[in-house]
Amino acid sequence: MEEKAPNIPDIFLKPYNPADHESKLYSMWEDSGYFNPDVCVEKGVTDADAEPFSIVLPPPNVTGTLHMGHAAMLAVEDILVRYHRMQGKRTLWLPGTDSAAVATSEKVEKEMYKKEKLTRHDLGREAFLERVQAFAEESKNTIINQTKKMGSSLDWSRYAYTLDDTRYRAVMEAFIRLYEMGLVYRGHRIVNWDPKMQTTISDDEVEYVEQTDPFYYFKYGPFTIGTVRPETKFGDKYVVMHPDDARYAEYAHGQQIEVEWINGPITATIIKDEAADPELGSGAMTITPWHSAVDFEIAERHGLDKEQIIDERGILLPIAGEFAGQHIKKARAAIIEKMQVKGLVARVDEKYVHNVATNSRGGGMIEPQIKEQWFVDVDKEFTMGPSTITGITEGDTVTLKQLMRTVVDNGQTTMYPDRFGKIYRHWVDNLHDWCISRQIWYGHRIPVWYKDGEMKVQTETPGDGWEQDPDTLDTWFSSGIWTFSTLGWPEDTADLATFHPTSVLETGYDILPFWVARMILMTTSLLGTIPFRHVYFHGLVRDEKGKKMSKSLGNIIDPLDMIGKYGADATRLSLIVGAAPGHDMPLSEDKIKGYKHFANKLWNITRFVLSNTETQSDTTPKLSTRDEEILATLRQVTTDVTDDIEGFRLYLAAEKAYHYVWHELADKILEESKEVLNGSDTDARSARQAVLLECLTTSLKLLHPFMPFVTEAIWQELPKEMKDRDMLMVAHWPTH
RNA sequence: GUCCGGUUAGCUCAGCUGGUAGAGCGCUACAUUGACAUUGUAGAGGUCACAAGUUCAAGUCUUGUACCGGACACCA
C-alpha cells in the first residue's frame, strides 16, 4: 500500500463508484433546499432581485416508468437549470406528472375486465373514478423516484399534478373564459369516433395504417361509383361530380334522377362540386356525410341532408333495411352478395391499397360520426384583451390562428433548431377547429349544466335538476395551460409574476403539434402573452443501429439499469454529446460505459492534483509564461462552453468540456507538470500548483451541469480555501 | 400531393457567421505497474452524393439532379 499524501482524502484511493455517492448527494442537495429559488434567496446564494430563469417539466405519465426519452429530456433541462442557477439567477424547474387520462383509465379498465369481468359501465362513474385515482396515486412515486435518480434539480415543493385541485380549478376557469370570449362552442360536427373505446379523438391522435381491401365499383343509375365501404352506402342520394367534367356536362346541378339501389329505387340529386376529382375512377361519387369528413364538408356547402347509417358501436341502423342490426364487419359480404344478385356490381378491384384511420392510443378503427361536441374555434375573430405580444395590442381583432402565427413569426418565441418554426407554421395553417370533448370519465369534466333545454357554463351546479355534461376535456386542453396553471393561475401569484413567461420549453420534436402549438394557443388567448421564450427540441433516442427502441424489438436500453451500472453522470453525458437538437440520437451501452471512464478520469485528475499540492501560502505566486498560457486556454474553454450553452448547443459544450479535461488538462498539462512539481524551483512549483488548482475547480464547475454527481462528490472533498461555496451546485459559474 | 430534413473516415456523427478536413468507437504499431482496474504516444483511413454557379477562396452560399428519411394532407 502506497503512503498516503497528506492532502488526499482516502476516498480518492479507490476508483470512482457512482452507486456509492449518487443517492447521498441527491439527498444532500434536496435537504439544502437549493432546488427552491426562494430558499436560495433566503440563504443568500441568490440575489432577491436576480433575473429569473424557469422551466416547467413536461409532465410524464403518472402511471409510467422512466425511459430513455425522459432521461434525455431530464438531462437537457437539468443542464440548463444548473447552469443558470450557477449564473446566479433565480432558477426554478417545476416538476409535475400528467394523468394521461386515456392511457391510465384504459389500463385500469383492462385490468378490471381481466380480473373481475367488469366494465366501467358496470361499476358506474364514481366508483370507477375512485379506482383510477387510487391507481394513479399509487403509481406516482415510481416515476418521481426515477426522475430523482437522474439528478434532476427539480423544486419538489412546487410539484403539480394535472388533476389536483389547483390545476382542476385552472382548467375550469380556462374553459369558462374561452367560452365567454366566444372561442369555445358546442356544435354538430364530424368527429373521429372510436367505436372500440367509445370516445371521440382529435385529428392528430388519428394514425393512418396501410391496408389492402377490395375496391368495389357499383352501378348507380347511369354512373359508376367506387367504394371500399359498401356498408355506408345505403342512404346515398347525392351523386357528386366536378363542374368541369365534360363526361357529365349533360347533367345539371340539382337535377334529380331515379336510380335502382341496394334496397330499392331511390331519387338521386346531382351535385357539382370541385371536391370530386375527375382523374379518379369514373369521376363521379356518392357521398355519406354522416360518416366522412370530406362528404360532410360537401354537404355543408350545398345544404344537403345528412343521415346516420351506422351507430356508435358499429351496428347498421334501420336505414339499412334487411341488414339493420348487423355489425358492419359482418354485413359487408352479405351486402355485396345482394348487390351482385341485383346486378349493381360493375367490377371489383381486389387489391386496393389505402390508408385506414385508427386510434393511435388504442388501435381501434375510426368511424367518423356526426356528434354534438365541444370545439375551440381557431378562425373566429375576437377582441384581444391585455397583451404583451409584440404587434398585438388590447382591442385588436384577432383569431387564435393569427395569435399562434404572430408570436413565432415575430421571434418572441424562438425554436431550436429553427426549422421547427417552419413545421409549426405549416401545422397552424392547416389547423381545423379543435374538438375538446372526450367521452371518457377520467379527466377534467366539462363545466356545463343542462336543464330543460337550458345551458349554463359554470363550475358549480346551478341547482336542483341540472345535469352536468358527462364528457371530459381533451388532455391537451389542460396541458395547454400547463406553464401557468403550475404557477398558480388564475390566482395572481408571486410565482406567476416572477416566472412566467417561462424561459425554455424542452420537449421531443414528435410532440410539437400536440403540445407546443396548444400551449401557445391557450397562453396567447387567455393571458395575452407567450408561454415560453425558447423551445428546444431534443431528438428521439434510438438504438445503436438507429432503430426505434421498442419492447418487440428487444432493443430497449433502460436508463435505470444504466444508472445502476455506470452512473447517472455517464447516462446523462451519453444522451447529450453527439445529440444535436432535433436530430435522433443513436445510443449504445458502450457509449455510456465510455463516459463512466471519464468520471473516473476526473476522479484521478483530482487525486493527482491534490496529492501534489500543499496548502497555499498567501503570497501571490509568480507565474511563468507557460502558466499564463495554461490559464489562457482555460479561459478560452470557459468562454466556449458558456457561449455554447447560451446558444443551446449543449452537445458542443459537453464535448468541449470533456475534450479539454481529458486531452488537454490530463494528457498535456498534468503530464508536463510532473517535471515542474518534482523540480527544485519552489517558486515555479507553487505557481504551477496554484494553476492546477484553478484548472481543477474551473473544470468541475464547467462540468457540473453535465455530470452533477461526480463533480459535487469531488467538490465536497476539496479543502475549504479552494471553494467559493460549500456546494458546487450553487457555486459561481467561472468568469472568463 | 404539400412541407421539412439528410447525404463528410470502416461505423455513429460534429463542422455556427466561407479561409489547409474533425471527434468518439473500431483498426495498426509502440510504450506503460502509472494520478488512472477505466492508461498514453504515434499511425493508416476522406473526389465532403453529383452537376453547374457566385467568390481571390466553397464541406459551408445559390440553383438543379439523384438517392434516403420525416411531418402533414388526401384516398369516392
Side-chain angles (χ1 to χ4, degrees), chain A residues 2 5 8 12-17 203-204 206 208 210-211 215-218 220 223-229 232-233 236 239-241 275-277 280-288 292-295 298 352-357 417-427 429-432 509-510 512-513 539-540 542-546 566 570 574 577-580 582-588 590-591 593-612 643-644 647-649 651-652 655-656 658-659 662-663 666-668 670-671 673-674 677 692:
Chain A
E2 65 184 289
I8 273 276
F12 288 109
L13 298 180
K14 281 190 297 180
Y16 176 65
N17 181 16
D203 288 348
D204 18 43
V206 173
Y208 289 92
E210 198 175 278
Q211 195 170 301
F215 189 89
Y216 305 96
Y217 290 92
F218 296 137
Y220 188 81
F223 307 103
T224 304
I225 57 143
T227 184
V228 258
R229 306 203 50 199
T232 65
K233 293 281 146 196
D236 286 10
V239 54
V240 183
M241 57 212 65
D277 180 358
L280 227 139
S282 65
M285 63 174 178
T286 59
I287 56 168
T288 315
S292 153
V294 179
D295 295 0
I298 296 171
Y352 177 72
V353 180
H354 64 142
N355 293 320
V356 179
D418 59 4
R419 67 188 164 90
F420 286 105
K422 294 180 197 166
I423 296 174
Y424 173 85
R425 289 187 190 95
H426 186 236
W427 188 83
D429 291 344
N430 286 317
L431 193 62
H432 297 293
Y509 67 78
D510 52 331
L512 179 136
L540 307 183
R542 294 173 178 271
D543 76 0
E544 53 194 312
K545 290 182 192 114
Y566 308 111
S574 72
V577 179
H583 284 97
D584 292 352
M585 49 187 139
L587 182 69
S588 63
D590 278 347
K591 189 177 178 187
K593 204 181 192 173
Y595 291 115
K596 185 190 177 188
H597 298 176
F598 178 60
N600 193 55
K601 190 78 184 178
L602 193 59
W603 194 250
N604 277 295
I605 289 168
T606 308
R607 176 179 170 183
F608 176 84
V609 172
L610 291 186
S611 62
N612 282 288
D643 290 350
D644 283 337
F648 294 99
R649 296 178 297 271
Y651 62 111
L652 291 182
E655 197 181 318
K656 280 177 191 166
Y658 167 90
H659 195 263
W662 198 316
H663 299 296
D667 289 352
K668 297 208 178 85
L670 256 48
E671 286 303 327
S673 293
K674 285 176 182 171
L677 295 168
L692 290 182

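Letters go in sequence order (proteins before strands), and every chain restarts at 1.
- Annotation: of the two residues near RNA chain B, A:Y595 and A:W662, the 5′-most nearest-nucleotide partner is A:Y595.
- B:U7 atom P lies 14 Å from atom CG of A:D584, rounded to whole Å.
- As judged by a 4.0 angstrom heavy-atom cut-off over every strand, A:K601 is placed among the base-contacting residues.
- Side-chain atoms of A:D584 come within 3.5 Å of backbone N or O of A:L540 as a donor-acceptor pair.
- In this model, the phosphate group of B:A37 is approached by a side-chain N or O of A:N600 to a distance below 4.0 Å at OP1 or OP2.
- Taking the nucleotide of RNA chain B with the nearest heavy atom to each of A:K668 and A:K14, the more 5' of the two is matched to A:K14.
- With contacts defined as side-chain heavy-atom distances shorter than 4.5 Å, the pair A:F218/A:D236 does not qualify.
- Taking atom NE2 of residue A:H597 and atom C1' of nucleotide B:U38, one finds them 4 Å apart after rounding to whole Å.
- When the C1' atom is used for both B:A21 and B:C48, the distance is 8 Å, rounded to whole Å.
- For B:C4, neither phosphate oxygen OP1 nor OP2 lies less than 4.0 angstrom from any side-chain nitrogen or oxygen of A:W427.
- Here B:U2 presents its C1' atom at 15 Å from NZ of A:K422, a figure rounded to the nearest Å.
- Taking A:Y216 as the reference, nothing meets the side chain to side chain donor-acceptor pair (under 3.5 Å) condition, with sequence neighbours excluded.
- In this structure, A:V577 reaches neither bases nor backbone, as no heavy-atom distance under 4.0 Å exists between it and the strands shown.
- Note on A:H432: nothing from the nucleic acid sits closer than 4.0 angstrom, heavy atoms only.
- Counting any heavy atom pair closer than 4.0 Å across all strands shown, A:D667 reaches sugar-phosphate atoms only and no base atom.
- Using a 4.0 Å cut-off, some side-chain N or O of A:K674 falls inside it from OP1 or OP2 of B:A35.
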Which atom pairs link the protein and nucleotides 14-20 of chain B when you take only N or O atoms and keep those under 3.5 Å?
residue, atom, partner, partner atom, Å
B:G15, OP1, A:Y651, OH, 2.7

5'-to-3' dot-bracket of RNA chain B (Watson-Crick, G-U; under 3.5 angstrom; crossing pairs as [ ]; | other strand): (((((((..((((.....[..)))).(((((.......))))).....(((((..]....))))))))))))....
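- Taking atom C1' on both nucleotides, B:C67 is separated from B:A49 by 8 Å, rounded to a whole Å.
- In this view, A:K668 and A:E664 satisfy the salt bridge (Lys or Arg N to Asp or Glu O under 4.0 Å) rule, not counting sequence neighbours.
- Note on A:A666: a base of the nucleic acid sits closer than 4.0 angstrom, heavy atoms only.
- Residues satisfying the side chain to side chain donor-acceptor pair (under 3.5 Å) test with A:D667, not counting sequence neighbours, are A:H663.
- Among the heavy atoms of the strands, none lies under 4.0 Å from A:K591.
- If you take NE2 of A:H663 and C1' of B:G40, they are 11 Å apart, rounded to a whole angstrom.
- Residue contacts shown for A:V228 are limited to sugar-phosphate atoms, with no base heavy atom under 4.0 Å away.
- The salt bridge (Lys or Arg N to Asp or Glu O under 4.0 Å) test applied to A:K422 returns no partner, not counting sequence neighbours.
- For A:T606, there are no side chain to side chain donor-acceptor pair (under 3.5 Å) partners, not counting sequence neighbours.
- Taking atom P on both B:G5 and B:U63, the two are 12 Å apart, rounded to the nearest angstrom.
- The side chain to side chain donor-acceptor pair (under 3.5 Å) check on A:R229 picks up A:E231, A:E367, with sequence neighbours excluded.
- A:Y595 meets the ring-ring contact (aromatic ring centres under 6.0 Å, His included) test with A:Y658; sequence neighbours excluded.
- The minimum heavy-atom distance between A:W603 and A:K14, with the atom names listed, is NE1-O, 2.9 Å.
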